[in-house]
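In what follows, a single structure is set out as structure tokens and then discussed.
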Amino acid sequence: MERELVEGARQGDRAAFDALVRRKVDVVFRTSLAILGHEADAEDATQETFLLAWRKLPSLRDPDRFDAWLGRITVNASRLILRQRRGVREISTDGIETAGGHLPRGAAQFGDATADTDAFDRAFERLTVHERAVLVFHHRDELGLAEIADRLGIPVGTVKSRLHRARRALERAMTIEQPR
């Protein structure tokens with residue numbers, strides 16, 4: 001069924017392409033969000049992914065490799081959004097007071113967990129798009145090395161080395177970002 005949609009879309013059938021978009025939009029958005037870390041950026045990357053896919057679909061040689069082809073476009077669109085990103089978006093909580101002027105019970109533990117999550121997010125943002133992508137595909141999407149290689153269009157050995165380097169880079173970034 002999907003192969004027929006890809007073939008139809010390759011020949012300019014907008015209804016077939018719309019059906020493909022409906023099938024793939026959640027996966028593309030989740031991958032972009034995991035790489036970029038910001039919903040608005042992920043929405044932009046998702047839109048850019050499908051715009052590029054529509055434009056380049058006639059050049060797709062093997063319709064059975066559509067998912068891998070779309071995965072590479074998603075990573076490249078995310079890379080483009082990262083280049084365009086200006087500054088870091090942060091929401092300040094300075095000056096916010098709680099009722100009674102003190103923190104609710106358990107808030108200190110929540111604050112520690114939030115600090116750890118924030119440190120991880122900042123560390124993850126220090127990684128390159130390739131490092132983010134391989135970590136997302138392996139740990140979040142639970143893809144095997146061969147599946148990641150297929151999705152990124154690179155050899156399995158390259159996936160192994162990128163995964164190793166990405167883990168080390170994340171560890172180094174975490175030591176920098178850990179609250180003291």
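Note that this is a predicted model, so its numbers are computed, not measured. Just so it is clear, the values below take in all heavy atoms, side chains as well, and ignore hydrogens, waters and symmetry mates.
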Inset, instruction - Would you confirm whether Asp141, through its side chain, and Leu143, through its main-chain N or O, come within 3.5 Å as a donor-acceptor pair? - result: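 No; zero donor-acceptor contacts below 3.5 Å.
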
Inset, instruction - Answer yes or no: is there a donor N or O on one side and an acceptor on the other, between the side chain of Arg126 and the main chain of Ile176, under 3.5 Å? - result: no

Considering only heavy atoms from C-beta outward, does the side chain of [X] approach that of [Y] to under 4.5 Å?
X      : Y      : answer
Leu145 : Leu163 : yes
Arg22  : Asp18  : yes
Trp54  : Val21  : no
Arg162 : Ile148 : no
Asp41  : Ser32  : no
Phe124 : Leu135 : yes

Inset, instruction - Evaluate the criterion side-chain contact (heavy atoms from CB on, under 4.5 Å) for residue pair Lys24 and Asp67; output intermediate values, then yes/no. - result: CA-CA 9 Å; Lys24 304 297 180 182; Asp67 287 341; 2.7 Å; yes

Gap between atom [atom2] of [Y] and atom [atom1] of [X] - 0.5 Å precision:
X      : Y      : atom1 : atom2 : answer
Thr46  : Leu51  : OG1   : CG    : 12.5 Å
Glu48  : Thr74  : CD    : OG1   : 11.0 Å
Arg132 : Arg140 : CZ    : CZ    : 13.5 Å
Glu43  : Leu36  : CD    : CG    : 11.5 Å
His138 : Arg167 : NE2   : CZ    : 4.5 Å
Thr31  : Asp26  : OG1   : CG    : 10.5 Å

Hydrophobic clusters here meaning ILVMFWY residues chained together by side-chain heavy-atom distances under 4.5 Å, can you tell me if [X] and [Y] are in one?
X      : Y      : result
Ile81  : Val134 : yes
Ile154 : Trp69  : no
Phe29  : Ile73  : no
Leu170 : Val75  : yes
Val6   : Leu70  : yes

Legend entry - CD (Glu4) with more than 12 external heavy atoms under 6.0 Å: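 Yes.
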
Inset, instruction - Flag yes if more than 12 heavy atoms outside Gln47 fall under 6.0 Å of its CD atom; otherwise flag no. - result: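 Counting neighbours around CD of Gln47, 12 or fewer heavy atoms of other residues, nucleotides or ligands fall under 6.0 Å, so no.
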
Legend entry - Counterpart residues, side-chain contact (heavy atoms from CB on, under 4.5 Å), relative to Ala9 (two or more places apart): Ala16, Phe17, Leu20, Leu57

Inset, instruction - Output, in order, the C-alpha distance, side-chain angles, deciding distance and verdict of side-chain contact (heavy atoms from CB on, under 4.5 Å) for Leu5 and Phe66. - result: CA-CA 10 Å; Leu5 291 175; Phe66 178 77; over 6 Å; no

Taking every non-hydrogen atom, the tightest pair across [X] and [Y]:
X      : Y      : answer
Val156 : Ala146 : CG2-CA, 4.0 Å
Pro155 : Ala149 : C-CB, 4.0 Å
Glu131 : Arg165 : OE2-O, 4.3 Å

Legend entry - Intermediate values then yes/no, salt bridge (Lys or Arg N to Asp or Glu O under 4.0 Å), Arg168 and Glu171: CA-CA 5 Å; Arg168 298 297 84 76; Glu171 286 174 7; 2.9 Å; yes

Legend entry - Sidechain N-carboxylate O distance under 4.0 Å for Glu7, Arg3: yes

Inset, instruction - Report the C-alpha distance between Leu33 and Arg30 in whole Å, list the side-chain angles of each, state the deciding distance to 0.1 Å, and finish with yes or no for side-chain contact (heavy atoms from CB on, under 4.5 Å). - result: CA-CA 5 Å; Leu33 181 61; Arg30 284 192 324 267; 5.7 Å; no

